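Below: the structure, in structure tokens.
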Amino acid sequence: NTFNAMAAALEERHRELDLAREAASAEATERARLEQVERQAKETLAAVIDASPVAIVCSDLDRHIVLWSRAAEQIFGYTAEEMVGERTKLVPPESAAESRALFERCLTGEAIRDVEVRRKRKDGSIVDIRLAATPMYNPDGKAWGVAWAYDDITGRKKAERQLNQIAHHDQLTGLPNRVSLKSELTDLLNQDDGQRSHSVALFDLDGFKDVNDTDGHSTGDQLLVEVARRLNSVAGEAGRVYRLGGDEFVVVVPGCGDPRLISELVESMLRHLAEPFEINEHVLHIGGSAGIAISPRDGTSVDELIANADLALYKAKSVGGHTYRLFVPVLRAHAQTRRGLQVELRRAFAENEFELYFQPQIRLADDAVVGAEALLRWRHPQRGLIGPGAFIQTLAESSSASAVGAWIIRDACAKTSAWRAMGLSLNRISVNLFPSQCRDSGLLRDVEAALQLSGLSADVLELEISETFALNNDDVITPLQELHNKGIKLAFDDFGTGYASLSYLTKFPVSRIKIDRSFITSVTDDGENAAIVRSLIAMAHNLRLGIIAEGVETVAQARFLLEEHCEEAQGFLYAMPLSAADFEAFLRERRLALQVAQPRQEQSSRKRPRA
């Protein structure tokens with residue numbers, strides 16, 4: 001019995017040992033498995049960190065770097081060997097306090113997301129960075145460092161700065177534009193409860209139109225650049241010069257309420273403008289006129305001051321120009337003259353004195369005429385043919401604008417339909433809308449009536465509105481969308497002079513953008529202008545919009561646009577605006593040239609040896 005008991009105990013002990021060995025083996029296997037999982041996780045995490053386009057950087061509590069990803073090497077130019085153990089190489093001196101504050105905020109548990117900072121590359125250049133940060137904890141829950149995620153947004157910030165430059169500065173002269181004037185002058189007028197005086201001088205060039213007509217727009221644009229330089233040189237630190245558009249400039253002199261002082265400054269500017277300009281080997285004499293208004297006596301708002309300065313300018317020009325006038329209340333009587341013009345324009349419309357001219361739009365790939373822009377002219381019984389510069393603004397502001405605009409659409413559609421019936425190639429007719437038409441509830445009705453009367457299909461008609469008008473008038477989106485829904489195309493005219501905003505391009509039902517001629521004039525000799533035009537073309541292509549360049553006057557400009565894949569062009573290189581009869585002849589000549597060229601091409605093709 002004793003022996004049996006001992007044998008049984010020994011057998012039980014063996015079983016216990018076997019179980020212990022099995023448990024130890026299972027534990028070792030599990031430990032090995034966990035170690036493998038941990039190793040694979042670390043390898044996967046390292047691979048993910050290295051593959052991430054966002055730079056991952058980890059630093060300890062002393063801000064020494066302990067991890068430096070491959071993307072960090074690409075963004076900042078430092079290798080991991082150069083950065084591990086370092087702490088301040090990336091931070092410019094002026095950003096040191098900001099960087100330290102971010103680190104401390106992160107350690108308190110605050111979520112750091114989408115913070116934009118500037119950091120320094122190995123070559124010393126500065127990059128714009130969007131960062132996020134999160135604390136790193138030990139198993140016991142104690143923070144031991146911070147993990148940073150850096151996204152390089154240098155390209156985006158540069159694009160934003162360029163857009164801001166376009167939005168607030170005139171692209172030709174570099175001066176602040178109308179948007180800047182309104183913002184900055186409003187701030188001035190709101191200071192000190194509006195009691196402090198500020199002077200506003202509105203300048204207009206005398207004889208500028210003659211320069212454009214005689215020497216070409218390229219010379220005219222260079223003249224404007226030189227005018228801006230002279231005005232700036234005289235204004236110095238006393239005043240700020242703005243370009244409103246065309247040949248209009250504004251000078252604001254903060255804190256100046258003395259008519260004598262502002263008059264002396266304006267006189268000096270006019271003397272400098274009266275000196276000869278040497279442009280393109282031409283000696284040009286233009287001069288200028290100016291109107292002055294002083295706040296608060298002449299107005300307490302931007303619009304009121306500019307309007308009264310404009311009345312004073314009108315007075316200066318009415319006495320022969322090359323001088324200035326201070327605003328006085330009696331000058332409001334001059335507004336009667338403009339109202340008189342509006343009356344005469346109503347008479348002109350009633351008596352059929354308006355007529356349309358047409359400027360061809362050319363496809364750059366093969367020089368084919370693909371469209372035309374309808375442009376208004378006034379054949380005055382005494383003064384002869386009058387260009388739009390003399391009346392179009394007054395007409396646009398008059399009560400006749402919508403009626404005249406409807407007639408323009410009808411006549412343009414009728415003539416286009418007739419030319420197409422003759423077999424003359426014309427795929428599109430473009431018509432500029434007056435601002436009042438865009439707000440007129442009858443616009444869609446007028447357009448549909450014109451299309452029905454002419455038999456023209458909706459996709460042949462393209463309506464143009466200026467980019468600046470669109471950006472400041474969201475309320476016109478709905479009526480324009482109604483037109484778009486009917487198949488009528490919409491184009492932004494003078495694109496780039498307002499705010500080249502992607503959000504506005506996607507908000508409006510735009511099918512085409514027209515690059516403003518101010519960009520095209522110097523596109524072959526101004527690298528910055530060329531870059532802007534390339535960007536506008538690329539943006540249009542990315543948004544699947546048609547694109548046409550205005551103001552093309554030279555073969556070099558056309559070649560540049562073709563190489564940059566701009567589809568169409570319009571300008572004096574191809575034709576000036578033509579009367580309906582002359583435009584019809586132009587189309588016939590183009591058709592004849594095509595008929596002559598086609599057999600030659602076919603014959604050349606037949607003679608070509610087979611490959």
Side-chain angles (χ1 to χ4, degrees), residues 335-359 372-419 428-458 460-466 468-470 472-473 475-494 577 579-580 583:
Q336 297 296 330
T337 303
R338 298 182 188 181
R339 283 195 285 272
L341 176 58
Q342 291 178 352
V343 171
E344 191 173 2
L345 288 170
R346 284 197 294 272
R347 178 203 59 76
F349 180 50
E351 297 182 8
N352 300 317
E353 293 176 7
F354 291 139
E355 62 182 81
L356 293 185
Y357 270 48
F358 300 86
Q359 187 170 36
E373 180 178 3
L375 301 164
L376 189 62
R377 299 292 186 267
W378 180 10
R379 195 166 292 282
H380 195 280
Q382 285 82 41
R383 297 164 59 191
L385 190 67
I386 300 175
F391 68 88
I392 201 71
Q393 187 60 40
T394 302
L395 177 59
E397 296 168 357
S398 74
S399 58
S400 304
S402 290
V404 175
W407 170 82
I408 292 173
I409 295 173
R410 287 197 306 273
D411 194 50
C413 288
K415 285 185 168 58
T416 301
S417 180
W419 288 326
R428 180 178 68 246
I429 183 67
S430 298
V431 176
N432 292 277
L433 291 178
F434 290 120
S436 60
Q437 284 180 277
C438 297
R439 297 192 179 92
D440 192 331
S441 60
L443 176 59
L444 179 59
R445 183 186 63 248
D446 292 339
V447 171
E448 288 182 326
L451 293 174
Q452 185 175 4
L453 285 171
S454 64
L456 208 62
S457 59
V460 177
L461 177 61
E462 181 175 81
L463 301 176
E464 297 183 14
I465 61 172
S466 73
T468 303
F469 171 74
N472 295 314
N473 295 274
D475 57 327
V476 303
I477 293 178
T478 299
L480 294 176
Q481 185 65 53
E482 291 175 351
L483 290 166
H484 175 75
N485 293 341
K486 296 291 184 179
I488 296 146
K489 295 183 174 63
L490 177 69
F492 266 178
D493 195 13
D494 304 329
S579 67
F583 184 69

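Values in this document were obtained by computation on a predicted structure and should not be read as measured data.
Within the model, atoms CG of Leu375 and CD1 of Ile408 stand 9.5 Å from one another, a figure rounded to the nearest 0.5 Å. Arg377 contributes atom CZ, which lies 11.5 Å from atom CD1 of Ile386 (distance to the nearest 0.5 angstrom). Considering CZ of Phe349 and CZ of Phe354, their distance stands at 7.5 Å, rounded to 0.5 Å. Put simply, OG on Ser466 and CG on Leu433 are 10.0 Å apart, with the number rounded to the nearest 0.5 Å. If you take OG on Ser430 and CD on Glu464, they are separated by 4.5 Å, rounding to the nearest 0.5 Å. Residue Cys438 holds its SG atom at 11.5 Å from CD1 of Ile477, rounded to the nearest 0.5 Å.
Partners of Phe358 by ring-ring contact (aromatic ring centres under 6.0 Å, His included), not counting sequence neighbours, listed by chain and number: Trp419, Phe583. Every side chain to side chain donor-acceptor pair (under 3.5 Å) that Arg428 has, sequence neighbours left out, goes to Gln361, Glu568. Judged as a side-chain contact (heavy atoms from CB on, under 4.5 Å), and not counting sequence neighbours, the contacts of Ala458 are Leu451, Ile488. Glu373 meets the side chain to side chain donor-acceptor pair (under 3.5 Å) test with Asn432, Lys514, Gln570; sequence neighbours excluded. Listed by chain and number, the residues in a salt bridge (Lys or Arg N to Asp or Glu O under 4.0 Å) with Arg379 are Glu355 (sequence neighbours excluded). Taking Thr416 as the reference, nothing meets the side chain to side chain donor-acceptor pair (under 3.5 Å) condition, with sequence neighbours excluded. With sequence neighbours left out, Asp411 forms a side chain to side chain donor-acceptor pair (under 3.5 Å) with Lys415.
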I would like to know whether Leu395 and Gln342 meet side chain to side chain contact (heavy atoms under 4.5 Å, CB included); could you show each step before the answer? CA-CA 7 Å; Leu395 177 59; Gln342 291 178 352; over 6 Å; no
Determine whether His484 and Leu490 satisfy the following criterion, side chain to side chain contact (heavy atoms under 4.5 Å, CB included), listing intermediate values before the conclusion. CA-CA 7 Å; His484 175 75; Leu490 177 69; 6.0 Å; no
Before you tell me yes or no, could you show the steps for Asp493 and Ile465 under side chain to side chain contact (heavy atoms under 4.5 Å, CB included), namely the whole-Å CA-CA distance, both residues' side-chain angles and the distance that decides it to 0.1 Å? CA-CA 6 Å; Asp493 195 13; Ile465 61 172; over 6 Å; no
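Nearest heavy atoms, Leu356 versus Ala412: CD1-N, 3.7 Å. Of all heavy-atom pairs between Ala401 and Phe434, the closest is O-CD1, 3.2 Å. Across all non-hydrogen atoms, the minimal contact from Ala450 to Ser454 is O-OG, 2.8 Å.
Applying the side chain to side chain donor-acceptor pair (under 3.5 Å) test to every pair with at least one member in residues 381-394, sequence neighbours left out, gives these pairs: Gln393-Glu397. Applying the salt bridge (charged side-chain N to carboxylate O under 4.0 Å, His left out) definition to pairs two or more places apart or across chains, those involving residues 340-350 are Glu344-Arg347, Arg347-Glu351, Arg347-Glu353. Residue pairs meeting the salt bridge (charged side-chain N to carboxylate O under 4.0 Å, His left out) criterion with at least one member in residues 443-458, sequence neighbours excluded: Glu448-Lys486.
Distance alone, capped at 3.5 Å, places no donor-acceptor pair between the Ser417 side chain and the Cys413 backbone.
Val404 places none of its side-chain heavy atoms less than 4.5 Å from the side chain of Leu345. When side chains are defined from C-beta on, Val447 counts as touching Leu461, because their heavy atoms get closer than 4.5 Å. The shortest side-chain heavy-atom distance between Ile392 and Leu376 falls under the 4.5 Å cut-off.
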